[in-house]
Amino acid sequence: MIKRHRVAVIGAGFMGSMHAAIFAGMVGCELAAIVDPNLELAGAVAAKAPGCKVYPSHEALLTGERDLDLVSICTPDNLHLAPAVAVAKAGINIFVEKPISSTIEDAKDIIAACEAAKVKLGIGYLLRFDPRYAAAKELMTSGKIGEPIHIYARRNSARTEGPKRYGGKLPLALHVTVHDVDMVLWMLDGQHPVSVYAQQTDILLGASGTQDSLAAIVRFSGGTVVNFESAWSLPAGARQMIDARMELIGTEGSFEVQCGDSGLYYASNETSREIDTQHWPVVNGRLDGDLARQLGGLLAWLDGADMPIASGRDALRSLELTLAMMQSAQSGEIVRLGQA
């Protein structure tokens with residue numbers, strides 16, 4: 001018999017609505033509630049799942065629901081702390097969309113609350129469920145690559161994507177670069193970053209409160225050097241919505257993960273665009289792709305399965321390195337890091 005999980009989602013925005021849709025359609029899962037102070041927005045999301053309730057706050061959720069197995073937190077980064085701590089104290093497992101928070105202090109408080117309550121804490125780094133990155137990780141763990149020498153990680157997207165959705169609410173690095181930071185730390189298991197030098201530009205998007213691009217060089221404790229490149233400034237007419245890749249050279253081999261081309265390109269007399277087949281495509285009327293695999297893996301992880309869900313401490317390391325990049329880019333100086 002398939003175990004049934006009761007799940008609530010806090011935040012009815014872009015990511016929260018997708019979490020809700022996936023949980024609502026998942027076998028063995030009941031979407032119990034949507035939480036958002038915008039009750040109209042929350043109601044529209046909840047309407048897609050029969051019996052799903054709506055609450056204006058996490059306090060109201062925890063008062064009204066007594067038998068939840070998981071709460072997925074999809075609020076803005078700086079608002080993760082309060083609901084995460086409250087949910088942990090209620091003894092409920094937690095999943096937080098990346099990054100874990102916008103500050104080291106909040107991240108540590110979330111981790112401490114979950115550890116004290118003995119509840120599971122997972123963080124939403126969905127690239128761990130992209131088959132290409134997952135296969136690359138297996139090449140690393142199998143020894144076929146040998147000792148890593150150099151990594152190049154790129155994640156560039158159009159100005160009509162992230163900047164349009166988030167405006168000046170979220171720095172480029174915490175939205176985009178942090179994905180590749182998690183991937184690099186995952187690939188370089190056992191190493192830690194020791195120095196960071198970064199530069200950024202704000203020629204195009206500075207007026208809206210964010211950055212056009214970020215470039216960083218990071219040296220790790222094992223001698224590996226990593227080049228990160230992230231941008232939110234590709235033109236609206238760019239062929240690829242996300243131009244992403246990772247290249248790793250090792251002592252015994254190398255790999256290339258190429259994510260720029262989704263494999264499906266649509267054109268009409270009015271427009272032409274790439275259609276997402278990777279992160280959250282709609283297939284047969286249902287959300288699929290990396291996000292759906294991640295949330296399915298999350299429920300299996302709650303039941304004890306071995307899944308590559310990023311832990312709170314994984315996310316803390318990613319946040320520390322990403323914030324160090326931002327510090328270096330702002331100061332123009334090398335930032336030295338101790339062992340995490």
Student: Between Pro193 and Leu185, is there a side-chain heavy-atom distance shorter than 4.5 Å?
Tutor: yes

Student: Counting heavy atoms not belonging to Glu59, are there more than 12 under 6.0 Å from its CD?
Tutor: yes

Student: Return the minimal non-hydrogen interatomic distance between Leu287 and Ala292, and the atom names on each side.
Tutor: O-CB, 3.8 Å

Student: Is a salt bridge present between Lys98 and Asp182, judged by a nitrogen-to-oxygen distance below 4.0 Å?
Tutor: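 Result for this pair is no, no salt bridge flagged.
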
Student: For Lys137, what residues pass the salt bridge (charged side-chain N to carboxylate O under 4.0 Å, His left out) criterion, not counting sequence neighbours?
Tutor: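 Scan of Lys137 (salt bridge (charged side-chain N to carboxylate O under 4.0 Å, His left out), adjacent residues dropped) gives none.
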
Student: Kindly indicate, with the supporting measurements, whether the criterion side-chain contact (heavy atoms from CB on, under 4.5 Å) is fulfilled by Val7 and Phe95.
Tutor: CA-CA 10 Å; Val7 178; Phe95 186 72; over 6 Å; no

Student: Inspect the contact between Arg159 and Asp212 and indicate whether a charged nitrogen and a carboxylate oxygen are less than 4.0 angstrom apart.
Tutor: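 Salt bridge absent between Asp212 and Arg159.
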
Student: When you measure from the side chain of Glu229 to the backbone of Ala153, do you find a donor-acceptor pair of N or O atoms at a distance under 3.5 Å?
Tutor: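 A pair under 3.5 Å: no.
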
Student: Going by the rule salt bridge (charged side-chain N to carboxylate O under 4.0 Å, His left out), which residues pair with Glu256 if we only count those two or more places apart in sequence or in a different chain?
Tutor: Arg245

Student: What residues, two or more places apart in sequence or in another chain, satisfy salt bridge (charged side-chain N to carboxylate O under 4.0 Å, His left out) together with Arg155?
Tutor: Asp180

Student: Side-chain polar contacts of residues 17-27 - donor-acceptor pairs under 3.5 angstrom, sequence neighbours left out - could you list them?
Tutor:
| residue | atom | partner | partner atom | Å |
| --- | --- | --- | --- | --- |
| Ser17 | OG | Gly13 | O | 2.9 |
| Ser17 | OG | Phe14 | O | 2.9 |
| His19 | ND1 | Ser72 | OG | 2.7 |
| His19 | NE2 | Glu97 | OE2 | 2.8 |

Student: List in chain and number order the residues that pass ring-ring contact (aromatic ring centres under 6.0 Å, His included) with His175, two or more places apart in sequence or in another chain; answer none if no residue qualifies.
Tutor: Tyr166, Trp232

Student: Ignoring hydrogens and angles, write down the donor-acceptor pairs under 3.5 Å from the side chains of residues 39-50, residues two or more places apart or on other chains.
Tutor:
none

Student: Decide if atom CG of Asp67 counts as having more than 12 heavy atoms of other residues, nucleotides or ligands within a radius under 6.0 Å.
Tutor: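 More than 12 within 6.0 Å, yes.
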
Student: Is Lys53 salt-bridged to Glu65, going by a charged N under 4.0 Å from an acidic O?
Tutor: yes

Student: I want to check something: taking the side chain as every heavy atom from C-beta on, are Val196 and Ile334 in contact at a cut-off of under 4.5 Å?
Tutor: no

Student: Distance check, rounded to the nearest 0.5 Å: Leu62 atom CG versus Ile92 atom CD1?
Tutor: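 Separation between the atoms: 5.5 Å.
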
